[in-house]
Amino acid sequence: MSEEIRVRFAPSPTGFLHIGGARTALFNWLYARHNSGKFVLRIEDTDKERSTDEYIDAIIEGMKWLDLDADEGPFRQTDRFDIYKGYIDKLVAEGKAYYCYCSPEELDAKRKEAMKQGKALKYDGKCRDLDKPVEGVKPVVRFRMPHEGQTTVEDLIKGNVSFDNEQLDDLIIARSDGTPTYNLTVVVDDVDMKITHVIRGDDHLNNTPRQTQIYEALGYKVPKFAHLPMILGADKARLSKRHGATSVMAYYEMGYLPDALINYLVRLGWSYGDQEVFTKDELVEYFSFENVGKAASIFNPEKLLWLNAQYIMNSSSEKLGELVMPFLVKDGTVKEGQEIDMAWLAKAIDTLKERSKTLLELAESLRYYISEDVEFDEKAKAKFLNDNSRDMLVELKDGLTAISDFTTEEIEKLFNSIIEKHEVKLGKLAQPVRVALTGGTQSPGIFEVIDVLGKEKTVNRLERAIQSI
RNA sequence: GGUCCCAUCGUCUAGUGGCCUAGGACGCUGGCCUCUCACGCCGGAAACACGGGUUCGAGUCCCGUUGGGAUCACCA
């Protein structure tokens with residue numbers, strides 16, 4: 001019997017959950033679900049200077065929105081300092097790590113010098129063989145890296161990657177205040193949490209041989225690795241605020257559906273033949289590292305927008321009604337405490353969902369259905385609400401008022417009789433009506449709009465438009 | 001600069017030596033549909049970075065060049 005697959009997402013709470021982190025979390029989640037394994041969330045907050053509880057909450061909020069549910073955690077490394085301490089002491093006792101008394105300033109100066117001379121920026125090993133402590137200096141602990149041979153990382157995505165051990169320097173595993181650093185904690189935790197596959201961004205690939213050495217010094221089996229290619233901005237630089245929104249929750253605010261973001265993100269680096277749109281179940285079923293590419297990819301907001309439109313189009317109007325409510329409340333279309341008939345809202349959304357790329361757009365369009373009055377677009381009013389259309393609008397208003405059976409069929413008959421009488425095409429009447437009812441020149445089919453609005457609102461708005469001429 | 005990774009349309013990608021006259025998707029674009037806007041449908045422009053090998057045959061394998069990225073903290 002094979003061992004259970006266990007993966008983890010291990011963000012550092014020094015910022016919000018961003019696009020890159022979300023993609024890493026997603027691939028971990030997919031791998032766990034595909035293999036019926038476990039997905040662990042671990043917060044790497046050993047850097048107390050930069051980590052905050054707010055960011056921990058923000059990361060959890062982002063994952064919750066994306067519905068990337070963890071099976072275990074969140075674990076916090078700051079709760080585990082005793083564990084790391086034990087391992088650090090053990091390493092020192094066995095001579096696999098040593099105290100280093102060099103000051104940060106001294107190290108910095110050496111780095112700059114090395115940079116100037118174009119040499120490798122590597123710790124020179126000054127304290128490596130020191131036999132007694134330096135008085136009055138709080139030392140850091142350094143891991144004693146081997147200087148000879150090679151370390152090969154077996155990566156599920158990149159293949160075998162070899163590094164000369166000569167390259168590896170004696171990295172710091174404990175700060176002078178005794179707190180552990182990343183390269184130690186990540187190894188200890190992955191061992192302790194029985195992580196079988198380390199799936200992370202390929203910016204970690206260069207760290208991997210160092211970590212491999214630590215695994216071996218501790219006497220543990222190294223897990224499997226899968227280093228995901230980076231997500232870059234349009235200028236091929238690392239994705240940052242300059243490239244637009246990078247925080248996952250910003251996409252919530254812009255009216256994106258979580259599944260659309262997921263679908264977009266998964267196709268950045270992964271593919272399944274020519275398929276573009278996937279359900280979550282399909283993703284779980286199809287996901288495999290064999291189909292993960294090696295090259296970095298560029299974040300393309302247009303394609304995400306298109307996917308979001310697809311997801312909106314294919315969502316039920318009832319569900320969209322629920323999702324769009326917060327946006328309606330936020331922009332004031334729906335007042336605090338105002339009752340909205342959700343069945344009616346769904347009917348309104350039926351007419352709008354194939355012309356809304358985001359929930360924000362949907363909310364905006366919904367305004368002319370929900371609000372009492374509509375504001376006329378100046379140019380539209382000038383072009384369509386004028387003496388040319390006035391008579392037809394009056395006839396329509398009177399005709400609609402007189403209709404007892406307010407059905408689309410009857411309404412269409414009325415429209416036809418008016419345009420026949422005036423010898424014009426439907427557009428000549430439909431556009432002025434559209435402006436009268438929605439305030440602008442773009443909307444769903446005019447009969448759909450009237451149907452959603454109902455008799456009273458339709459007649460009132462026509463009256464108001466006529467008065468404005 | 002050292003080390004490591006990477007390289008198919010503008011972008012995401014299919015391609016695992018002959019099925020490639022290189023396929024799909026976004027975007028762009030011409031048309032159809034039509035009461036507007038969308039949706040949808042039909043069509044178009046658009047790529048194997050370059051140079052050497054290996055092979056009967058290379059987008060696919062190897063080497064080099066070029067280009068891009070990552071990393072080199074008492075950050076993770």
Side-chain angles (χ1 to χ4, degrees), chain A residues 10-14 44-47 49-51 77 100 102-104 107-108 111 114-123 138-142 153 155 157-159 161-164 166-169 171-177 179 181-183 185-186 200-209 227 229-230 232 234 236-238 264 267-277 290-291 293-307 309 313 352-357 365 380 384 415 419 425-431 433-435 438 440-447:
Chain A
S12 166
T14 54
E44 309 222 324
D45 58 350
T46 61
D47 182 356
E49 302 274 307
R50 303 196 304 153
S51 303
Q77 292 188 320
C100 168
C102 298
S103 70
L107 262 15
D108 205 42
R111 248 194 309 276
M115 182 78 96
K116 224 162 79 183
Q117 295 186 15
K119 287 199 277 202
L121 283 54
K122 194 181 146 184
Y123 175 63
K138 284 225 166 205
V140 298
V141 179
R142 283 187 188 270
V153 175
D155 192 276
I157 294 169
K158 308 279 185 186
V161 184
S162 296
F163 299 80
D164 287 334
E166 188 195 356
Q167 276 301 316
L168 278 25
D169 64 352
L171 49 85
I172 292 172
I173 55 175
R175 302 181 180 92
S176 50
D177 65 1
T179 58
T181 62
Y182 168 71
N183 281 297
T185 59
V186 73
R200 71 226 307 192
D202 71 11
D203 48 337
H204 286 284
L205 186 56
N206 286 307
N207 278 324
T208 310
H227 285 97
M230 300 272 91
L232 275 20
K236 295 197 173 181
R238 208 184 185 127
Y264 178 70
R267 283 285 288 102
L268 238 36
W270 177 84
S271 61
Y272 188 76
D274 284 339
Q275 192 170 344
E276 294 286 350
V277 182
E290 276 179 38
N291 303 318
K294 295 179 180 183
S297 44
I298 293 172
F299 187 79
N300 179 228
E302 272 94 39
K303 188 160 182 183
L304 169 58
L305 224 208
W306 171 78
L307 262 173
M313 234 182 291
L352 251 20
K353 66 183 180 187
E354 69 187 24
R355 41 202 121 215
S356 307
K357 290 184 190 299
S365 300
F384 294 109
F415 266 76
I419 63 174
K425 289 193 170 183
L426 179 58
K428 286 287 182 200
L429 176 56
Q431 278 305 77
V433 173
R434 195 181 318 275
V435 177
T438 71
T441 55
Q442 301 168 8
S443 84
I446 199 65
F447 301 116

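Reminder, nothing fancy here: chain letters follow the sequence lines and each chain counts from 1.
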Practice prompt. Name the nucleic acid region contacted by A:Thr14, choosing base, sugar-phosphate or nothing; use a 4.0 angstrom heavy-atom cut-off, strictly under.
Written response: nothing
Worksheet entry | Options B:A76, B:C35, B:C74, nucleotide nearest the side-chain atoms of A:Ser176 | B:C74
Worksheet entry | Heavy-atom donor-acceptor pair, A:Arg434 side-chain to B:C35 base, under 3.5 Å | yes
Discussion item. Students often get this wrong, so: under 4.0 angstrom with heavy atoms, is A:Thr46 touching a base, only sugar-phosphate, or nothing?
Written reply: sugar-phosphate
Worksheet item: Is any side-chain N or O of A:Asn207 under 3.5 Å from a base N or O of B:A76, one able to act as donor and the other as acceptor?
Response: yes
Worksheet item: So what does A:Val161 hit on the nucleic acid, given a heavy-atom distance under 4.0 Å: a base, only sugar-phosphate, or nothing?
Response: sugar-phosphate
Discussion item. Side chain of A:Asn206 only, heavy atoms from C-beta on: which candidate in B:C35, B:U71, B:A76 is closest?
Written reply: B:U71
Discussion item. In whole Å, I'd like the distance from the NZ atom of A:Lys294 to the P atom of B:G59.
Written reply: 19 Å
Restricting to nitrogen or oxygen on both sides, can you table the protein-nucleotides 12-14 of chain B pairs closer than 3.5 Å?
residue : atom : partner  : partner atom : Å
B:C12   : OP1  : A:Ile298 : N            : 3.0
B:C12   : O2'  : A:Arg267 : O            : 2.8
B:C12   : O2   : A:Lys303 : NZ           : 3.4
B:U13   : OP1  : A:Gly269 : N            : 2.4
B:U13   : O3'  : A:Ser271 : OG           : 3.1
B:A14   : OP1  : A:Ser271 : OG           : 2.8

Worksheet item: Do the rings of A:Phe415 and A:Phe447 sit parallel, tilted or perpendicular, given the 30° and 60° boundaries?
Response: perpendicular
Item to complete: Output yes when at least one side-chain N/O atom of A:Arg238 is less than 4.0 Å from OP1 or OP2 of B:G68, else no.
Response: no
Restricting both atoms to N or O, compile the protein contacts to nucleotides 43-50 of chain B shorter than 3.5 Å, with distance only.
none

Worksheet item: Looking at A:Arg355, does any N or O in its side chain come under 4.0 Å of the phosphate oxygens OP1/OP2 on B:G40?
Response: no
